[in-house]
Amino acid sequence: MEKKIAVRVDDLTVAYKYKPVLWDIDLEVPEGILMAIVGPNGAGKSTLIKAILNIVKPVAGNIAIYGKSYRKNRSMVAYVPQKGSVDWDFPTTGLDVVMMGTYGNLGWVKRPGYKEKKASLEALDKVGMLEYRNRQISQLSGGQQQRIFLARALVQNALVYFMDEPFQGVDATTEIAIINILKELRRSGKTLVVVHHDLQTVPEYFDWVTFLNVKKVATGPVKDIFNDDNLTKTYGINYKVSIQN
Amino acid sequence: MGVQDYFELLRHDYTLRTISLGTAMMGIVCGMLGSFAVLRKQSLLGDAISHAALPGIVIAFMLTGLKDPLVLFTGAVVSGFAGSLFISGITSRTHLKSDTALGIVLSVFFGFGMLLLTLIQKKPNANQAGLDSFLFGQAATLMVKDVYLMGIVGSVTLLFMLLFWKEFKILTFDAQYTKSQGFNIKLLDSLLTSLIVVAIVLGLQTVGVVLMSAMLLSPAAAARQWTNRLEVMVVLASLFGAFAGLAGTAVSASIARISTGPVIVLVAVFIVLVSFIFAPNRGLLFRTIRQWRNRKNLRINKILVLMFETASAHPDFSHPHSVNILTNIQGFSKKRLREMESKGLITYDKNTWKLTPAGFETGNKMYKDLNTN
């Protein structure tokens with residue numbers, strides 16, 4: 001059976017000021033995969049996600065989520081931004097941040113109620129943060145903050161998840177907890193696109209990979225394309241990475 | 001003059017009542033919107049906007065020849081908002097950083113306002129006298145129609161706050177995520193900025209262009225110290241703002257020839273000072289005490305763990321041991337032993353100590369905690 005395409009990117013070009021950050025990207029993300037986006041600093045990994053999510057405006061190109069525009073199929077998409085993109089000293093609790101994941105579906109003016117709170121508590125439980133729900137968010141560790149962000153995306157109850165470096169600055173316990181949740185999401189048929197920095201763990205964590213350095217270098221199953229050749233093309237130096245499977 | 005006398009005066013003095021009502025309402029609106037200005041790290045924007053409002057006031061007067069509050073208010077809002085547009089335009093279209101943009105807009109708009117002000121002062125129009133009171137504020141010029149305007153504008157602001165509470169909160173915390181959720185953040189951002197402009201402009205007549213940003217920021221900065229919840233912070237900031245307005249008016253009414261605006265600002269800053277020192281959790285005083293207490297507890301715990309190790313080496317844990325074996329530990333003193341005795345962890349007489357059952361239990365737990373991590 002031919003797999004459905006969850007996300008399709010056509011001829012995407014993005015520029016900040018004068019310098020192109022992404023150049024003519026074509027990308028198809030099949031449904032139900034756990035995909036890593038890898039590439040050096042400044043390769044446009046975060047920008048690619050932000051362009052798909054309609055956060056940055058592309059110079060040219062087209063994005064489709066399950067065949068329709070982002071605007072139409074927004075509720076199918078959840079987003080985990082980089083942990084460092086917000087000020088954690090904001091006066092609020094873990095539960096409150098997770099509840100923010102329900103705002104999009106609520107729309108303007110309408111307030112979250114019992115149903116939203118229940119879903120948020122369940123999401124907190126799933127990431128093992130239930131007991132910290134009333135903690136001020138600045139008093140959480142980096143790993144706990146990352147789990148809160150993950151729970152906020154879970155509560156969006158989406159089909160496609162975009163995550164910007166969810167493993168950055170977290171300890172080994174949190175990393176394992178997060179990857180288990182991601183794998184569980186994939187098993188239940190969701191699609192996940194993750195900006196990832198640690199090349200060592202790519203074969204272990206992901207089944208698809210996209211190499212990116214302003215242009216798309218390669219995309220496909222990890223076992224087929226995660227090799228020295230593509231790494232060298234992406235990073236410019238010869239990486240020695242052994243592939244287990 | 002006592003507090004009671006003051007309330008008596010407030011009951012009879014119509015002007016004082018009007019001014020008090022006006023300054024209190026200004027305080028509420030400033031506290032409410034100031035909370036968002038502080039959390040959005042737009043503290044300096046408030047200063048730029050208040051200065052940028054000045055030319056609008058003068059132009060509105062020049063065009064209409066009226067000193068009607070609504071006319072001046074409209075002029076101030078338009079030019080304050082134009083100032084904020086210039087700032088975001090400069091930062092997004094040039095390589096200049098926001099502090100530079102703020103500095104440029106503040107001084108250019110303020111300079112232009114001053115220029116216009118001196119221009120109309122040269123004209124033979126008696127009516128213009130009093131426009132310069134916007135520089136340092138003059139609460140005494142507050143009239144009933146000003147207070148009405150404040151009441152209406154304040155209520156509209158409150159309404160917007162209640163309606164878009166969730167949107168303002170998520171925008172302030174995580175703007176990009178808000179956009180990914182399908183909210184029009186440009187619209188939201190302009191709405192919130194407009195409300196901040198309105199709050200600033202409402203206070204100009206009372207506090208003045210120069211001191212206005214302190215009025216916007218102080219109640220919010222103080223409120224942040226007392227709570228970790230946004231809703232509590234906004235309510236507290238409004239209360240602090242209202243209190244500053246009322247108390248400032250009262251003080252300046254009791255002492256002759258003291259202008260109200262600066263007193264209000266001083267009261268607001270005093271609240272900040274108190275909050276920074278005395279607030280639980282975030283306050284300096286409690287933080288210092290807590291740190292000091294933690295260090296003391298740590299020292300006691302260290303001794304207790306060593307005692308536990310010594311005692312558990314012996315078949316009977318309540319066997320007395322010599323004090324001398326403890327003298328090598330850092331932080332050890334007779335005083336510490338007395339403290340431990342008063343906590344019921346040990347019994348201690350002159351040269352020997354022994355663990356109580358409670359002390360043994362606590363020591364055991366700490367020892368385990370230390371060795372499992």
Side-chain angles (χ1 to χ4, degrees), chain A residues 16-17 46 49-57 70-83 85-97 99-113 116 134-139 148-149 152-153 155-156 158 162 164, chain B residues 35-36 38-43 91-96 159-188 191 220-237 279-282 287 290 373:
Chain A
Y16 292 135
K17 303 247 160 80
S46 299
I49 285 188
K50 285 179 186 171
I52 295 173
L53 291 164
N54 209 16
I55 294 171
V56 296
K57 209 175 154 196
Y70 180 81
R71 193 184 286 269
K72 282 206 175 109
N73 277 349
R74 171 178 55 76
S75 60
M76 295 182 180
V77 178
Y79 175 40
V80 179
Q82 278 187 28
K83 185 162 62 67
S85 65
V86 302
D87 177 8
W88 290 91
D89 198 34
F90 191 82
T92 191
T93 59
L95 175 62
D96 205 34
V97 172
M99 297 249 284
M100 289 178 186
T102 67
Y103 286 8
N105 285 336
L106 283 169
W108 289 84
V109 179
K110 220 177 140 202
R111 299 282 180 95
E116 285 75 21
N134 291 325
R135 186 79 71 90
Q136 144 73 17
I137 53 174
S138 66
Q139 286 158 13
I148 290 285
F149 259 12
R152 183 175 71 168
V155 89
Q156 287 185 260
F162 291 93
D164 205 341
Chain B
S35 301
F36 283 93
V38 166
L39 292 174
R40 280 156 59 90
K41 299 176 180 51
Q42 290 183 325
S43 302
T91 34
S92 65
R93 283 180 180 74
T94 70
H95 290 286
L96 297 176
L159 187 73
F160 271 112
M161 272 288 159
L162 291 174
L163 275 179
F164 299 115
W165 175 258
K166 137 177 148 275
E167 286 79 4
F168 287 155
K169 178 165 75 178
I170 189 174
L171 176 79
T172 306
F173 178 61
D174 193 347
Q176 295 203 332
Y177 183 72
T178 312
K179 193 170 183 192
S180 83
Q181 290 243 30
F183 291 100
N184 183 340
I185 60 167
K186 265 194 185 142
L187 184 72
L188 263 179
L191 187 61
R224 181 67 188 90
Q225 288 295 103
W226 298 91
T227 176
N228 281 327
R229 304 298 296 257
L230 181 63
E231 54 272 34
V232 182
M233 176 181 170
V234 170
V235 171
L236 262 185
N281 293 322
R282 289 172 83 95
R287 233 169 38 196
R290 207 165 44 233
N373 275 342

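- Looking at A:Asn54, only its backbone comes within 4.5 Å of chain B, counting heavy atoms on both sides.
- In terms of non-hydrogen atom pairs under 4.5 Å with chain B, the most contact-rich of A:Pro91, A:Gly107, A:Pro112, A:Ser138 is A:Pro91.
- Annotation: maximal heavy-atom pairing with chain A below 4.5 Å, among B:Lys41, B:Met233, B:Arg224, occurs at B:Arg224.
- Checked by atom type, the side-chain pair A:Ser46/A:Asp164 shows a donor-acceptor distance below 3.5 Å.
- If you measure heavy-atom distances from A:Val97 to chain B, the contacts under 4.5 Å come from the side chain alone.
- For the options A:Lys110, A:Arg71, A:Gln139, heavy-atom pairs under 4.5 Å to chain B are most numerous at A:Lys110.
- Ring geometry, B:Phe183 versus A:Trp108: the interplanar angle exceeds 60°, so the pair is classed perpendicular (tilted spans 30 to 60°).
- Enclosure of atom CZ in A:Phe90 by more than 12 non-hydrogen atoms of other residues, nucleotides or ligands within 6.0 angstrom is indicated.
- For B:Phe164, the part lying under 4.5 angstrom from a heavy atom of chain A is the side chain only.
- With chain A as partner, the option from B:Lys166, B:Gln176, B:Lys179 having the largest number of non-hydrogen pairs under 4.5 angstrom is B:Lys166.
- Donor-acceptor pairing under 3.5 Å is lacking for the side chains of A:Gln136 and A:Thr92.
- Within the 3.5 Å criterion, the main-chain N or O of B:Thr91 finds no donor-acceptor partner in the side chain of B:Thr94.
- With hydrogens and angles ignored, the 3.5 Å screen pairs a side-chain donor or acceptor of A:Arg74 with a backbone N or O of B:Gln181.
- Looking at A:Arg152, the atoms closer than 4.5 Å to chain B (heavy atoms on both sides) sit in the backbone and in the side chain alike.
- At a 4.5 Å heavy-atom cutoff, the contact between B:Leu230 and chain A is made by backbone and side-chain atoms alike.
- For chain B, the option among A:Asn105, A:Ile137, A:Asp96 with the highest count of heavy-atom pairs below 4.5 Å is A:Asp96.
- At a 4.5 Å heavy-atom cutoff, A:Phe162 makes no contact with chain B through either its backbone or its side chain.
- In terms of modelled atom types and a separation under 3.5 Å, the side chain of A:Glu116 and the main chain of A:Gly113 share a donor-acceptor contact.
- The minimum heavy-atom distance between B:Ala223 and B:Leu236, with the atom names listed, is CB-CB, 3.8 Å.
- Minimum heavy-atom separation, B:Ala237 to B:Ser35: CB-OG, 3.4 Å.
- Interface remark: A:Asp89 contributes backbone and side-chain atoms alike to the contact with chain B (heavy atom separation under 4.5 Å).
- Proximity to chain B is absent for every atom of A:Tyr16, based on heavy atoms less than 4.5 angstrom apart.
- Ring pair B:Trp165/B:Phe36 is perpendicular by interplanar angle, where above 60° counts as perpendicular and below 30° as parallel.
- Looking at B:Arg40, neither its backbone nor its side chain comes within 4.5 Å of chain A, counting heavy atoms on both sides.
- With a 4.5 Å cut-off on non-hydrogen atoms, B:Thr172 touches chain A through its backbone and its side chain both.
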